[in-house]
Amino acid sequence: MSTSRVLVIGIDGTRLDFLEAEPTPNIDRIIGEGFLAPVWIEDGTPTVSGPCWATAVTGTTIDRHNIRSNDFAGHRLTEHPDFLTVLTRDFGLHTYLAIGAWPPLATTADHGPMFAAPSRLSFATFGQSAPGCDRGDEAITGDAERVLAAEDVAAAFVYLGVNDATGHDQGCGDLYRAAIRRTDARVGRLLAAVASRPERAAENWTFILVTDHGQVLEGGHGGGSEAERTAWIAACGPGIEGGADYGTLRHVDVAAHVYAALGVEPEIVLDGKAFASVV
């Protein structure tokens, strides 16, 4: 039986420069054991959550998955499914999805769900405001702690949305910075849950943290500015060289690396590749 495991934490709407400026000890642990790399959102992909998350979790570009806004009408996710669905359906692995705040990732709202068929789902929504997203993040972090600590999860995706919602509501000021710090604390709780697993010493975990897009200082996104088009990935785990230069990555590389880390080769189209340091 494989001992490989992957946890992907999707942290919505978090500017790279603010991440680097804030004290985020838990995210810094991942970076210290692995890397932090910028992601450039490709021309033709709107800097909004739907297209960017679809690109990351399917490993395909917008021309394939066809999600072009936060309404997923016309999507081609059946042909280009998310990595949790592929791992469950094609490889019989136990997968877990935890979504706070944004329904179409996990429900039929706005022509979702983006994640079609994970083995297990935790979902909570208290509205799209910053306080609502904060409550949703807290609720699913608690659920995810319990699942990650005890269940035989091969791959998980946990979505945290308060940073983005705070930027929309308040701009990228003190409240946005505080949201980043709260998100970091939740990342720490998820990492601690994995560390507490009875078989942790025998397991090989890969951790991938990724944001979908940036924001303008006034709050919001969707344009073509460098601040909006710059995302990031932080990761560590087997085969990832700590402190190495991984250059500029692509969102499509996330799903590709998940498959590589688990040692599976799905019979689907992928536009990305596993993370590799710049030689």
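Throughout, numbering of the chain's residues begins at 1 and tracks the sequence.
The existence of a salt bridge linking Arg64 and Glu79 is excluded, since no basic side-chain nitrogen approaches an acidic carboxylate oxygen closer than 4.0 Å. Ion pairing of Arg5 with Asp152 is present here, as a side-chain N (NZ or NE/NH1/NH2) and a carboxylate O approach within less than 4.0 Å. Looking at Arg189 and Glu138, a side-chain N of the basic residue comes within less than 4.0 Å of a carboxylate O on the acidic one, giving a salt bridge.
In this structure Arg29 satisfies the salt bridge (Lys or Arg N to Asp or Glu O under 4.0 Å) test with no other residue, sequence neighbours excluded. Contacts of Asp143 classified as salt bridge (Lys or Arg N to Asp or Glu O under 4.0 Å), with partners at least two apart in sequence or in another chain: Arg146. Residues forming a salt bridge (Lys or Arg N to Asp or Glu O under 4.0 Å) with Asp134 (at least two apart in sequence, or on another chain): Arg182, Arg186.
Looking at Asp137, its side chain does come within 3.5 Å of a backbone N or O of Val162 through a donor-acceptor pair. A distance-only check finds no donor-acceptor pair linking the side chain of Thr45 to the backbone of Ile41 [under 3.5 Å].
Two residues are said to be in side-chain contact when any heavy atoms from C-beta on lie closer than 4.5 Å; Ile180 and Thr24 meet this criterion. No side-chain heavy atom of Tyr96 sits under 4.5 Å from any side-chain heavy atom of Phe157. Taking the side chain as every heavy atom from C-beta outward, Leu160 and Ile140 approach each other to under 4.5 Å.
Aromatic ring centres of Tyr246 and Phe275: separated by at least 6.0 Å.
Residues Ala144 and Ala98 share a closest heavy-atom pair of CB-CB, 4.3 Å. Ala231 and Thr211 get closest at one heavy-atom pair: CB-O, 3.6 Å.
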